[in-house]
Amino acid sequence: MATLPRAAAAAAPSPAAALLPLPRAAPLLAGRAAARSAARRLRARGTRAPPLAAARRGWGGVSPRAVLDLPRRREAAEKPAQKAADLNEILSERGACGVGFVANLKNEPSFNIVRDALVALGCMEHRGGCGADNDSGDGSGLMSGIPWDLFNDWAKKQGLAPLDRTNTGVGMVFLPQDENSMEEAKAVVAKVFTDEGLEVLGWRTVPFNVSVVGRYAKETMPNIQQIFVKVAKEDNADDIERELYICRKLIERATKSASWADELYFCSLSSRTIVYKGMLRSEILGQFYLDLQNELYKSPFAIYHRRYSTNTSPRWPLAQPMRLLGHNGEINTIQGNLNWMRSREATLQSPVWRGREHEIRPFGDPKASDSANLDSTAELLLRSGRSPAEAMMILVPEAYKNHPTLSIKYPEVIDFYDYYKGQMEAWDGPALLLFSDGRTVGACLDRNGLRPARYWRTSDDFVYVASEVGVIPMDESKVVMKGRLGPGMMITVDLQTGQVLENTEVKKSVASANPYGSWLQQSTRSIKPVNFQSSVAMDNETVLRHQQAFGYSSEDVQMVIETMASQGKEPTFCMGDDIPLAVLSQKPHMLFDYFKQRFAQVTNPAIDPLREGLVMSLEVNIGKRRNILEVGPENADQVTLSSPVLNEGELESLLNDSKLKPKVLSTYFDIRKGLDGSLDKAIKVLCDEADAAVRNGSQLLVLSDRSEALEPTRPAIPILLAVGAIHQHLIQNGLRMSASIVADTAQCFSTHQFACLIGYGASAICPYLALETCRQWRLSNKTVNLMRNGKMPTVTIEQAQRNFIKAVKSGLLKILSKMGISLLSSYCGAQIFEIYGLGQEVVDLAFCGSVSKIGGLTLDELGRETLSFWVKAFSEDTAKRLENFGFIQSRPGGEYHANNPEMSKLLHKAVREKSDNAYTVYQQHLASRPVNVLRDLLELKSDRAPIPIGKVEPATSIVERFCTGGMSLGAISRETHEAIAIAMNRIGGKSNSGEGDVEDGYSPTLPHLKGLQNGDTATSHDGGTGASPISSIKHAGGPWELGLSETHQIRSQDVHSNGPVLDETILADPDISDAIENEKEVSKTFQIYNVDRAVCGRVAGVIAKKFTGSAGQSFGCFLTPGMNIRLVGEANDYVGKGMAGGELVVVPVEKTGFVPEDAAIVFVRGKTGERFAVRNSLGQAVVEGTGDHCCEYMTGGCVVVLGKVGRNVAAGMTGGLAYILDEDDTLVPKVNKEIVKMQRVNAPAGQMQLKGLIEAYVEKTGSEKGATILREWEAYLPLFWQLVPPSEEDSPEACAEFERVLAKQATTVQSAK
């Protein structure tokens, strides 16, 4: 059993004469001298950083790194190889795209399938990115079965024998542009195949039409050829695919050092599938590849993909589909996923590889896209014997916890997911994935359903899946099934049997293959909650000394820890952080302050952790993660924690688990021989100890800074540095999967600090000093008196600690959600941070792969900063209370704040007195301030002569382009709003009316400024006006200066159009123009396609219109009163977005071959997707089924659902009413009852409202379901549930005794008179 040293009263302070005060690297001076001083300081700290993406192809200018002109430190002759994924490379490869497939259930190859896929791909052009030349695309492609007829025709013309379809592999290869390099590459490729015993049958030059390629794409266009090889030594089809996979990996190894290595790429190498792709727009793909126009090109299926790369200049190899997948979305955990896959390389083994596992490594590539790496991992699982569906379930699991359907009907599926959550971290993020191995074609959606997916099946045995409807002309009378993929759902088509399996059928089949449930029961343990300590473990003096030594300030204790302990939530403060970055600060900072949390990208919506928490989880598994390529009970031999935050008793339970063989490692460094080099030496010793422990069988490393007594010459290693260094060391030595890391530390008390530790490798944290601080606070006389006098809610000592941990867990969920991540197990090791102020030496040691753009501290400087805290606990003149550093609130002697009282007074004086002299004094004050932000280090440089002021655009013209952002009245005062609006009106600019019209709730002490009291200090640096958690204000997002250069370079590119807009056609119609101009009524019918988006968004007036077809995104957005829109067909995402009035009806076409009520037709006579009626405030709607989160955040209106709904109904619903038909008694567990209550429709007014809406609905749509309900009203009415938020409880529609209540109220009022 491993033990921790007990915290005891510290020994008497030793003389600290040897521990002189250690100031920051340089003092901060004033004005320009300060800028120069800070610049020198950064240089001294070892500034070194790779250039930003500004040097990417096609972008001019320089990066912010170059603008800052901070020179690099002299580097060693050779940098050691690093295994961790590099965030700079990863960030440059993200995308959001359009995808789909066509498949024939009889497995009959045809050219029509390829042609349909190209037509659908052409309708996805708006989903992709396009270069400024209007022809170079971010990428498009098509995967199909191998077109043997086409290739045999080629073979015949070449004098070759017909190709053996069972033993022939076909490679689609991108080769170097240079002819000599191409020949070298072909020779290496051929040699590898020959050495492997494969016969190279020949090379085929792929015919193409280069005239359709854009200029940018042409510059990087590879030579494109196909290679044909015969695999004579294998008979089994799976073994043939494995042999081809090994060959491709051997080719990658053999060419790794070649100058042209990056120009050689296999789009596909298979005996079943082939991929045609390129840096092309959707409609160009079929024109470029002449094979795709040849009627001999036949396939039983085709997957198509249009790429939108979020941040990069695209590249030919990154177009999709990949070798197995087509991916629409983003993998937000990619860096962690890559690191964990690298860690697995030493342990992955399977008999199918016949001892050749070492030849197929590595399993990931940081230089490739997130999609390419997901494809690579899925391909590994596939080639190791897993089915495509099983691979997808392992990598992209659904939100299976608390899932009513799965828990009742399919418990084996839950067991499957529980088994693998300890084996493989989810590849988390929004994702629609299409996949095929040539025998199965399928699609699955991420756990949140953040990417759209529709499917339909026809009577002539075709199945279609697409990220939107309307991509292929369809005879609706042949459609026998329509549906949509909801969150975590899957559909597969078995081409060999013609079987179509929907979601639970697929998953049940996969999960039933092994007894996962019994394995879990046999091997997995859970740590049961342990009671919190009910008394303090240290006396007050000892607690204070620990807090001083470990870097606590009075703000940390009073504003953060005590608030969390008393309220159970993170403290909030005014948005905006106006203090210097840690590296620019004159005050010492904890290491965590050098890290900033990253946000999800624009294409990736964040998750709502408050109302959509059912998709999130803080569970984590502790212990060895074994070989994922084999299954068995030993893989389940782990410990499950419900959260990563442990109290002392729960940590003790882990240490008592003999199977884990825990090892406690002390995290201190010795400075008796001097500070320089001491921290580096201690870290190396610590890594060696961890290495030895793991090799000796330890599955749990506990890094602890707990000590019997603090010693002045043995300061604690920053726990984040210790965790990161050991995490990286174990990765680099192939040991990381063998053990978990837990931090037992005094250095962690805020949610950001927990997130950093988890993000850099810790599975759990015991914040023992924070918990002791909670206990001490609760027992203090001040707290006891406040509770006794009713000035503070009463909490017990146990509840204070419970509240603290509750606040931490809620904060972690919020941090995960900002990045679009659902699972803490995926966040662990994902390194989703950017570093500001640490040198490359530190980054390479403990945070390898993270971005540190501006360089900064060396290890020795970090050691000095750590020691500057430590010495406070041992100085004879140490204060009897914690120092206030002033990091949150401005105070004399504390941290510098840009928005300081002196600055405000000078500005107010200048404005009030309208005095130039006073304004000059204000300017001088600003000019002499300390270096506060990165731009303070910048000086203007130009090689051009100044432009005469007379040639510059006048200020009166420039200010007309000014505009103000939207700010709610709850964030700034009405007076401020009005002053801004008046100012913008006077200068001719634009002002936003704001996000909301708050009328009440103002503070009595500061009218119109909600949430603040007299004496509070409001900060608003670099934007931000409202309240936000302190940890978000301080630690989320980075300095805007570093993004400015890149933004300017993007803005300098040529602009291209998205093509014709249907609204322009509508508005050009003379009848419509006349109706708008003269307020007439007119009726028109238009053909609409999926590429027509935001239709009617530009049209206003009293117009009734009718559309036929498949509408694109945002159909009917921003409708105004009097606009009546009718769509006969179906529509895509965001129907009726922002409607302010009018009427919108969507009905299916007549003579369909399916039941419309079962179709995914989005609105009205059909089912809708996720989050239907989200934030609805006035609208009335009737639909026949919805996805998850129906009526989320609804504030008014009325929604009627005549069919099944998904989970989490009415989350955050504070107004309006919902009526839901529950025919099979499954609704109750799906409703979020946090706010609303469920009741039958008993009030007469409610019955009338419901019936009236259904009658209107039937009249407009002709719905058979609605008509049946009206005919059998007495039978159906008892099956409806009414969802009622508190604001509607006394309404006539919800209150059955409304008349009696009303009469009683009237009597009461009369009596009062």
Side-chain angles (χ1 to χ4, degrees), residues 398-414 449 483-484 486-489 502-505 507-508 612 614-615 1155-1160 1165-1173 1181-1192 1194 1198-1211 1213 1216-1243 1246-1247 1249-1251 1253-1254 1257 1263-1285 1288-1289 1293-1294 1296:
E398 66 180 306
Y400 64 95
K401 295 286 185 181
N402 303 313
H403 195 300
T405 303
L406 290 181
S407 58
I408 296 171
K409 296 183 179 180
Y410 306 100
E412 65 271 38
V413 176
I414 291 179
R484 64 173 187 88
M489 292 175 63
E502 294 184 76
N503 199 35
T504 49
E505 298 172 296
K507 293 169 180 175
K508 183 178 180 181
E612 299 179 9
L614 80 165
V615 300
V1155 180
E1157 288 74 13
D1158 291 338
R1165 193 179 171 190
K1167 292 180 180 178
T1168 68
E1170 273 59 54
R1171 298 171 182 84
F1172 177 69
V1182 183
V1183 297
E1184 301 197 3
T1186 77
D1188 291 350
H1189 316 300
C1190 176
C1191 300
E1192 186 177 40
M1194 187 164 141
C1198 183
V1199 170
V1200 179
V1201 184
L1202 307 180
K1204 290 194 174 186
V1205 295
R1207 291 192 287 172
N1208 204 36
V1209 179
M1213 178 178 170
L1217 293 169
Y1219 300 89
I1220 302 177
L1221 181 63
D1222 185 15
E1223 296 181 271
D1224 58 358
D1225 201 25
T1226 59
L1227 177 64
V1228 174
K1230 296 177 181 178
V1231 175
N1232 186 319
K1233 304 176 189 68
E1234 184 178 355
I1235 296 176
V1236 302
K1237 71 175 182 179
M1238 298 179 66
Q1239 63 185 33
R1240 296 299 183 181
V1241 190
N1242 296 318
Q1247 296 175 3
Q1249 181 185 40
L1250 174 60
K1251 189 172 185 179
L1253 284 170
I1254 298 175
Y1257 164 71
S1263 165
E1264 295 178 8
K1265 179 70 173 285
T1268 300
I1269 291 171
L1270 292 176
R1271 281 196 307 269
E1272 303 175 30
W1273 181 247
E1274 297 302 324
Y1276 274 94
L1277 179 60
L1279 302 180
F1280 278 95
W1281 286 101
Q1282 185 184 52
L1283 306 187
V1284 185
E1288 305 289 342
E1289 286 182 355
E1293 290 81 9

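From a predicted model like this one, the values you see are computed outputs, not experimental measurements.
Among all heavy-atom pairs drawn from V1205 and L1227, the shortest one is CG2-CD1, 3.5 Å. Contact between T1226 and P1229 at its shortest, heavy atoms only, is O-CD, 3.5 Å. The minimum heavy-atom distance linking A1243 with E1293 is given by the pair CB-O, 3.3 Å. Minimum heavy-atom separation, N402 to R1207: O-NH1, 3.5 Å. Smallest separation of non-hydrogen atoms from G1187 and R484: CA-NH2, 2.8 Å. Pairing each heavy atom of Y1257 with each of G1266, the nearest pair is CE2-CA, 4.5 Å.
Neither side chain, N1208 nor D1188, offers a donor N or O lying under 3.5 Å from an acceptor on the other.
Scanning for ring pair (Phe, Tyr, Trp, His ring centres under 6.0 Å) contacts around Y400 gives Y417, with sequence neighbours left out.
The salt bridge (Lys or Arg N to Asp or Glu O under 4.0 Å) analysis of residues 398-412, with sequence neighbours excluded, yields the pairs E398-K507, K401-D418, K401-E619.
To the nearest 0.5 angstrom, L406 atom CG is 8.0 Å from N503 atom CG. Q1282 contributes atom CD, which lies 8.0 Å from atom CG of N1242 (distance to the nearest 0.5 angstrom). For the atom pair CD of E1288 and CG of L1217, the computed distance is 5.0 Å after rounding to the nearest 0.5 Å.
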